[in-house]
Amino acid sequence: MSDPIETIFETVAHTSTDIQGILGSRRSYEAGHNPSGEQQLAADVYADEQLETAVLALDEVGSYASEEREEVIEDNGTYHVVCDPLDGSSNLRSNNGMGTIIGIYDEKPPAPGEALLAAGYVLYGPITTMVTAVDGTVTEYLVEDGTRKILNENVKLPDDPVVYGFGGKAPEWPDDFAEYVGSIEQEWQLKLRYGGAMVADVNQVLTYGGIFGYPMLKERPESKLRLQFEGHPIAHIVATAGGASTDGTMSLVSKTPTELHERSPLFVGNQPLIGELESTIE
Ligand code: P6P
């Protein structure tokens, strides 16, 4: 009897090869916008449709929710899947990294972080990899021809941080956050790694150690990234690898969205960097 959570990740890995295969021919913008008001690429729509079909075909899946759709699609299974089908799709035009983010909950979203059973992401880079956090372990796989091969069976955040990357424009950053960035650059002397796709930037943090964030902004305190589709899964993965997360005050997995597409400031990385951030942000 195969593990239902691994069956979901194997299905996503299989579908990701299909998604990777069409990226070259679906770089145009569609007329539509997602529930967050962002214009959709043909690739966003295709990835979402393929993942919905593949995931809901599994008996164990009880619902599918996506950053690209307003409502949750319900079915009869036990596991509830949330998905950012093509994270960082604006990088398609510039041919930079993108990803697919998956969260698996034991209740229908909007769901609390405590209900998260497992999380993972696919990174479409020079090679395609999948990272999953299951039962307290983070595993990295090579994904080729729809199948997975283990590359690292116990991914842990390196103790000494090396890289950082923060979204938004510096003049939009609140003063206390700008002060923290100064510390990152002057005291910690981390190297800037910000590429416009969270999955690719977080994979740098997971590989080299450091911090990634999209901060609260002066005119947009709720910030940009979605708690359910981006915050919970990524925070769960980084915490499972020995790191930590925060919205500036509390860990992202301790938050419960009141609505499906709710946004949140988001920071993930080495625990000392997260701790210093929380003590800096009022
Ligand atoms: P900006 C991609 O649109 C995304 O949701 C994340 O993957 C990424 O980190 C961020 O937004 C990029 O936002 O404002 O730098 O383009």
Side-chain angles (χ1 to χ4, degrees), residues 16 19 23 26-27 29-30 32-48 51 65-69 82-103 119-125 128-131 163-174 177-178 181 192-207 210-238 243 245-248 252 257 260-269:
S16 73
I19 293 168
L23 291 177
R26 284 176 174 75
R27 302 171 74 202
Y29 278 104
E30 300 273 290
H33 291 74
N34 70 15
S36 298
E38 296 158 343
Q39 192 172 11
Q40 291 175 313
L41 282 175
D44 287 313
V45 175
Y46 181 88
D48 183 38
L51 286 161
S66 159
E67 194 179 278
E68 300 302 328
R69 339 169 155 231
V82 307
C83 176
D84 181 357
L86 202 53
D87 172 65
S89 58
S90 59
N91 274 0
L92 187 49
R93 187 168 155 205
S94 57
N95 193 30
N96 293 106
M98 291 171 288
T100 293
I101 304 173
I102 298 289
Y121 60 75
V122 175
L123 173 55
Y124 305 104
T128 300
T129 53
M130 174 180 263
V131 166
V163 300
Y164 80 98
F166 299 123
K169 298 172 184 162
E172 297 172 341
W173 294 339
F177 177 69
V181 176
L192 176 58
R193 290 290 185 274
Y194 186 83
M198 175 169 61
V199 166
D201 292 337
V202 167
N203 207 61
Q204 291 249 17
V205 169
L206 217 50
T207 306
I211 185 168
F212 167 83
Y214 207 107
M216 58 301 284
L217 304 173
K218 288 175 183 169
E219 303 304 320
R220 197 184 188 185
E222 74 281 7
S223 192
K224 174 181 183 182
L225 303 183
R226 279 63 39 155
L227 178 59
Q228 196 86 73
F229 300 105
E230 296 162 306
H232 279 173
I234 296 299
H236 182 74
I237 292 165
V238 173
S245 72
T246 187
D247 66 352
L252 292 165
L260 187 59
H261 296 277
E262 180 176 311
R263 302 174 194 267
S264 169
L266 179 157
F267 304 93
V268 291

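Numbers here are sequence positions counted from 1. Start at 1 and go down the list; that is how both ligands and their atoms are numbered.
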Chemist: Consider only side-chain N and O atoms of S16 and Y124, and report whether a donor and an acceptor are under 3.5 Å apart.
Modeler: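 There is no such pair (donor and acceptor under 3.5 Å, judged by atom type) between the side chains of S16 and Y124.
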
Chemist: Examine the side chains of N203 and Y121 and answer whether a donor and an acceptor come within less than 3.5 Å of each other.
Modeler: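 Y121 and N203 do have a side-chain donor-acceptor pair below 3.5 Å.
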
Chemist: Using only atom types and a distance under 3.5 Å, with no angle test, would you say the side chain of D48 pairs donor to acceptor with the backbone of V45?
Modeler: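 No, because the side chain of D48 does not come within donor-acceptor range (under 3.5 Å) of the backbone of V45.
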
Chemist: What does the list of residues with a heavy atom under 4.0 Å from ligand 1 look like, ordered by chain and number?
Modeler: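 Answer by chain and number: D87, G88, Y194, G196, A197, M198, F212, Y214, K224, L225, R226, E230.
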
Chemist: Identify, with sequence neighbours excluded, every residue that meets salt bridge (charged side-chain N to carboxylate O under 4.0 Å, His left out) alongside E38.
Modeler: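 Result, salt bridge (charged side-chain N to carboxylate O under 4.0 Å, His left out) vs E38: R226.
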
Chemist: If the condition is salt bridge (charged side-chain N to carboxylate O under 4.0 Å, His left out), which residues does D247 pass it with, not counting sequence neighbours?
Modeler: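 Partners of D247 by the salt bridge (charged side-chain N to carboxylate O under 4.0 Å, His left out) criterion, ordered by chain and then number, come out as K255.
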
Chemist: Can you list the residues that meet the ring-ring contact (aromatic ring centres under 6.0 Å, His included) rule with F166, with sequence neighbours excluded?
Modeler: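 With neighbours one apart ignored, the set is Y164, F177.
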
